[in-house]
Every structure is written in C-alpha cells, then in structure tokens.
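Worksheet: one structure, shown below.
These numbers come from the heavy atoms of this one structure, side chains and all, not from hydrogens, waters or symmetry mates. A, B, ... follow the sequence lines: proteins, then strands. Residue 1 opens every chain.
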Amino acid sequence: EVQLVETGGGLIQPGGSLRLSCAASGLTVNTSFMTWVRQAPGKGLEWVSVIYSGGTTDYADSVKGRFTVSRDNSKNTLYLQMNSLRADDTAVYYCARESSHKRSSYMDVWGKGTTVTVSS
Amino acid sequence: DFQMTQSPSSLSASVGDRITITCRASQSISRFLNWYQQEPGKAPRLLIYAASSLQSGVPSRFSGSGSGTDFTLTISSLQPDDFATYYCQQSYSAPWTFGQGTKVEIK
C-alpha cells in the first residue's frame with residue numbers, strides 16, 4: 001500500500017523554525033516528484049514546494065528564501081525546513097506525490113497532514 | 001500566476017441530484033486541469049486528471065470536461081459520500097494553483 005505520513009507539526013512562535021517530515025512507504029521519494037501543499041484554517045489549498053526526482057527544487061513566492069525542501073533517500077523521507085515562520089504560515093501541511101501521464105501532472109497520493117500553528 | 005476561479009462557491013443538493021461545478025482559468029491551460037475532493041478533516045483525493053481522465057478507483061458518476069479556460073466537474077447522481085468540497089487545480093504552468101473550492105452541502 002502506498003502511504004505518506006507527515007509528522008513534526010506543532011505550536012511555534014513567530015520567527016521560529018520547524019522541520020516537517022513525510023515518511024513514505026510503497027513509493028520511493030528519490031524517484032518521485034514530491035510536493036508540499038498547505039491549507040490555512042477554513043481556506044483553500046496552496047502549493048508550497050516541490051522536489052523533483054533529479055533533486056531540483058521550487059517554491060511558492062510566499063515561502064521562497066524561508067522554506068527548504070529536501071529528502072533522505074536512506075530513510076525514504078521528505079522534509080520541509082521552515083524558518084522565519086509567520087502567522088500566515090499557520091496551516092495543515094500535506095505532502096503529496098506528483099505523478100504524470102502524457103505531460104499532465106497531478107497529485108495522486110496524499111498524506112493526512114500535520115498542523116503548524118504560528119502564534120505567540 | 002494562473003488564477004483559477006470556481007463557481008458556485010457552494011451549493012445545496014439532494015441525494016440523486018446531478019450537479020455541475022465550473023472552473024475557469026485566467027489564461028488557456030489546454031487540458032492541464034485536475035479535480036480533487038476533500039471531506040472535512042481529511043486530505044484531498046484526486047478524482048479527475050487531464051480534464052477528463054478518471055483516477056483509478058473513483059466512481060464513474062464523476063466526470064470532467066473542458067479545455068482552454070473553461071472546465072466542468074459533473075456528478076451524475078449525488079451520493080451521501082459526495083458531500084464535500086471540490087477543488088480544481090491547473091498543472092499547465094508553475095506554480096500550480098488551485099481554485100477556491102466549491103462546497104457541496106445536503107439540501
């Protein structure tokens with residue numbers, strides 16, 4: 001069974017740092033495109049970042065320079081290092097696998113999410 | 001960034017009803033459009049990719065159509081499990097962007 005499990009969320013003060021983890025089973029993170037998507041309370045979905053199978057990364061403008069996505073192939077785990085956190089980073093953070101078919105990309109496997117709350 | 005606009009923002013319907021949700025892109029995205037379902041407190045679930053391709057395991061009452069800037073998601077006969085929020089998402093140009101969501105409620 002393909003599964004993604006996020007951990008690492010919690011309550012953090014503004015300006016603080018947090019590292020989220022996404023442990024994968026049934027898929028290999030270093031041969032997949034892996035993304036982070038977040039959802040602020042009562043709001044819609046926002047794409048945050050991606051790490052491609054070759055290791056290239058990309059970020060939403062809202063987190064560029066503050067967040068870093070990485071992976072540990074030996075642990076088959078994806079990470080999101082979040083620095084200089086702000087109140088508007090408060091959200092449920094989901095990791096997802098991005099698959100493709102004939103140039104169409106889509107997120108077909110999702111974790112259950114981990115909640116990050118930035119507040120003093 | 002490509003803006004995605006869904007309508008309506010919410011709708012009320014009964015079990016057995018046929019419903020249609022519309023998604024409009026700010027520029028042409030060909031057929032690079034996906035649909036997701038999200039039940040309260042749960043992760044999104046992929047329903048449709050590439051505008052009209054049904055994801056494996058998704059019931060056939062779900063269908064998608066459209067190209068360019070205008071797309072639709074249709075549920076042919078609404079079931080109790082279908083009361084949820086639906087999001088469209090474009091994968092034509094990074095960064096990927098989502099519509100604001102359409103909440104389907106029980107009438």
Side-chain angles (χ1 to χ4, degrees), chain A residues 1-7 9 20 22 24 26-27 32-52 56-64 67 69 91-115, chain B residues 1-10 21 23 25 29-58 62 64 66-67 71 73 84-104:
Chain A
E1 180 190 7
V2 179
Q3 192 174 19
L4 298 170
V5 179
E6 303 95 334
T7 55
L20 307 183
C22 172
L27 67 87
S32 302
F33 292 4
M34 299 299 297
T35 67
W36 288 96
V37 173
R38 69 183 180 182
Q39 186 170 36
K43 302 297 184 182
L45 301 168
E46 179 188 17
W47 175 85
V48 172
S49 73
V50 62
I51 182 166
Y52 298 105
T56 303
T57 59
D58 199 7
Y59 302 90
D61 285 346
S62 58
V63 307
K64 201 171 290 183
F67 289 12
V69 61
V92 176
Y93 285 74
Y94 298 100
C95 66
R97 178 182 71 179
E98 181 178 311
S99 293
S100 63
H101 176 71
K102 294 183 180 179
R103 292 183 57 227
S104 281
S105 295
Y106 45 88
M107 289 164 274
D108 63 340
V109 179
W110 294 71
K112 293 185 177 181
T114 187
T115 300
Chain B
D1 296 0
F2 284 60
Q3 304 303 315
M4 308 300 293
T5 304
Q6 290 181 231
S7 60
S9 295
S10 65
I21 298 169
C23 178
I29 57 170
S30 185
R31 291 178 58 81
F32 296 101
L33 190 283
N34 308 314
W35 289 97
Y36 301 86
Q37 176 195 62
Q38 187 179 34
E39 298 177 57
K42 293 192 174 182
R45 170 197 180 199
L46 177 68
L47 298 176
I48 302 283
Y49 63 93
S52 62
S53 295
L54 194 67
Q55 171 67 353
S56 176
V58 174
F62 292 92
S67 66
F71 301 86
L73 173 70
T85 300
Y86 294 84
Y87 294 93
C88 62
Q89 175 243 329
Q90 64 84 18
S91 60
Y92 178 82
S93 176
W96 301 159
T97 47
F98 294 86
Q100 82 279 15
T102 296
K103 186 174 184 179
V104 177

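Within 6.0 Å of OH on A:Tyr59 lie more than 12 heavy atoms contributed by other residues, nucleotides or ligands.
Distance alone, capped at 3.5 Å, places no donor-acceptor pair between the B:Asn34 side chain and the A:Met107 backbone.
Contact residues of residues 92-102 of chain A toward chain B are A:Tyr94, A:Glu98, A:His101 (heavy-atom distance under 4.5 Å).
Rounding to the nearest 0.5 angstrom, the gap separating the CG atom in A:Leu45 from the OG1 atom in B:Thr85 is 9.5 Å. The OG atom of A:Ser104 sits 8.5 Å away from atom OH of B:Tyr49, with the distance rounded to the nearest 0.5 Å. The distance from atom CG of B:Leu46 to atom CH2 of A:Trp110, rounded to the nearest 0.5 Å, is 9.0 Å. Interatomic distance, CH2 of B:Trp96 versus CG of A:Asp58, reported as 9.5 Å (0.5 Å rounding). Annotation: the span from B:Gln89 atom CD to A:Trp47 atom CH2 amounts to 11.0 Å, rounded to 0.5 Å.
For chain A, the nearby part of B:Tyr36 is the side chain; its heavy atoms alone come within less than 4.5 Å. Using a 4.5 Å cut-off between heavy atoms, A:Gln39 touches chain B through its side chain atoms alone. For chain B, no part of A:Val109 is nearby; none of its heavy atoms comes within less than 4.5 Å.
Ranking B:Gln55, B:Gln38, B:Arg45, B:Gln100 against chain A, the residue ahead of the rest is B:Gln38, based on heavy-atom pairs under 4.5 Å. Taking B:Pro44, B:Ser53, B:Ala43, B:Pro95 one by one and counting their heavy-atom pairs under 4.5 Å with chain A, the maximum is reached by B:Pro44.
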